[in-house]
Amino acid sequence: MSFLSDQPLDLSALVARVTAPERGGIACFVSVVRDHHEGRRVLRLEYSAYDAMAEAECARIASEAEAKWDVRVALAHRVGRLEIGEPAVAMAAAAAHRDAAFAACRYLIEQVKRRVPIWKREYFADGTVSWVEPRQAARPAEAPAEAPPGTPPPPDHTGHTDWGV
Amino acid sequence: MSFLSDQPLDLSALVARVTAPERGGIACFVSVVRDHHEGRRVLRLEYSAYDAMAEAECARIASEAEAKWDVRVALAHRVGRLEIGEPAVAMAAAAAHRDAAFAACRYLIEQVKRRVPIWKREYFADGTVSWVEPRQAARPAEAPAEAPPGTPPPPDHTGHTDWGV
Amino acid sequence: MTVSTASTVTVRVLLFGSYAEAAGQTSLTLSVPAPATVASVLRLLRARADGARLPERPLCAVNLAHARLDTAISQGDEIAILPPLAGG
Amino acid sequence: MTVSTASTVTVRVLLFGSYAEAAGQTSLTLSVPAPATVASVLRLLRARADGARLPERPLCAVNLAHARLDTAISQGDEIAILPPLAGG
């Protein structure tokens with residue numbers, strides 16, 4: 001099962017993959033490429049990944065969701081060049097009860113953002129290109145769910161863009 | 001804008017309707033026809049509605065969601081005959097922030113179940129047909145959100161199936 | 001305007017789902033003494049043979065919006081008696 | 001097995017995104033004194049000209065899983081230094 005795709009994501013296909021007669025409620029989430037970033041106009045972007053780890057991490061996240069709730073989940077993340085409005089990530093969680101479906105779906109997107117090694121390069125209308133680096137990058141917990149006692153604080157990324165310059 | 005449809009629901013069309021460059025996170029929910037109800041095998045079902053009120057109520061629910069959160073929403077409810085596995089209701093909420101998208105989507109499904117006048121007739125494998133009547137039917141509040149002080153308790157539906165028999 | 005017209009309110013009553021099935025009809029026209037509320041309509045329905053077993057507090061709507069039993073009703077209003085909802 | 005082999009750990013180091021761009025390379029092989037942790041690899045990277053400005057506590061992974069700076073590493077491990085994640 002591959003979670004990364006260089007082709008357009010198909011939400012309906014993910015929904016179909018998790019739906020079953022006994023799991024009648026399906027919560028989904030999609031995020032699409034925005035045309036602005038911090039006030040600057042974005043033309044398109046490029047996602048790149050640490051492929052092997054991204055696949056492993058998505059598989060772990062999916063397993064965790066299916067262990068925590070009585071759900072079946074599916075998720076996919078796009079890589080490569082994306083145009084404005086194209087889905088970057090899509091996920092679906094199906095359950096007999098919608099509480100579980102919503103909770104699992106929410107878990108998927110939070111964990112994907114927090115843990116999957118994917119990076120984004122934005123191409124701006126003014127001709128510049130830059131790596132998108134969240135100001136408050138959280139440190140993923142080593143354990144599946146909560147960080148164990150003694151987990152180090154979030155990394156200090158101050159100056160990381162200058163590294164090696 | 002019609003919220004009721006006697007044709008198969010199209011989640012992707014709802015997602016497309018609400019997505020915009022400034023609203024990049026889209027939460028969705030779909031429920032599909034289950035093949036069992038209280039241990040009995042269901043073959044298919046039929047939804048009927050108080051059409052004019054169902055349309056009005058869906059419009060109110062959508063407006064409320066868009067007033068409570070910075071979102072754009074779309075929803076659709078199927079009516080008529082449905083086969084097992086077909087979507088009965090589908091909705092999408094798009095926002096700049098996923099918290100708002102999830103909260104609005106959740107609001108839509110809760111309020112639809114609580115307030116939209118739609119009824120379901122199940123056709124069982126044993127040949128019987130019956131109206132599905134939730135055991136704990138909540139009384140919709142007259143006001144958009146919370147019930148005002150003095151709102152009567154939920155109606156007592158005891159014996160309602162016997163009415164007029 | 002006659003006295004009798006002024007002292008009654010005529011409304012359209014809609015029945016749905018199991019209620020319509022039990023009553024054998026989906027709509028009827030009723031005249032109730034003014035001033036009238038949703039409860040007045042329910043009382044009159046219960047007095048009919050086919051309404052004897054209507055639940056104590058059914059879900060009701062007036063002019064396409066959910067209403068309370070003490071919601072006032074006016075001439076020409078559309079009153080709907082709704083079985084437990086099963087949408088979604 | 002020689003003393004020098006036993007007393008060092010050779011690992012593959014992967015760099016991504018802005019880190020790879022800044023370093024001008026996406027992978028390198030490093031030998032660090034045993035026993036070694038992720039922090040040992042970071043110290044060695046910082047000693048290089050192109051690693052002088054590596055952040056104090058970058059995100060790191062060992063063998064495809066997130067790791068802490070004090071995670072022990074073994075001969076042949078794949079250590080990845082990850083810029084702030086931007087997926088989703």
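Protein chains get the first letters and strands the later ones, always in sequence-line order, with residue 1 at the start of each.
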So for [X], is it side chain, backbone, both, or neither that comes closer than 4.5 Å to the heavy atoms of chain C?
X: B:Arg78; value: neither
X: B:Ala49; value: backbone
X: B:Tyr50; value: both
X: B:Ser48; value: neither
X: B:Ala56; value: side chain

Notebook entry, point to check: Under a 4.5 Å heavy-atom cutoff, which of C:Ala61, C:Gly24, C:Ala80, C:Ala65 has the most pairs with chain B?
Noted result: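 With the most close heavy-atom pairs to chain B, the winner is C:Ala65.
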Task: B:His37, NE2: over 12 other non-hydrogen atoms inside 6.0 angstrom - done: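 Enclosed: over 12 neighbouring heavy atoms sit under 6.0 Å from NE2 of B:His37.
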Please check: side-chain N/O of [X] versus main-chain N/O of [Y], any donor-acceptor pairing under 3.5 Å?
X: C:Thr37; Y: C:Ala72; value: no
X: B:Ser63; Y: B:Ala59; value: yes
X: B:Arg41; Y: B:Asp126; value: no

Margin query: Tell me if the centroids of the rings in B:Trp119 and B:Tyr47 come within less than 6.0 Å of each other.
Written below: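 Not close enough - the centres of the two rings lie 6.0 Å or further apart.
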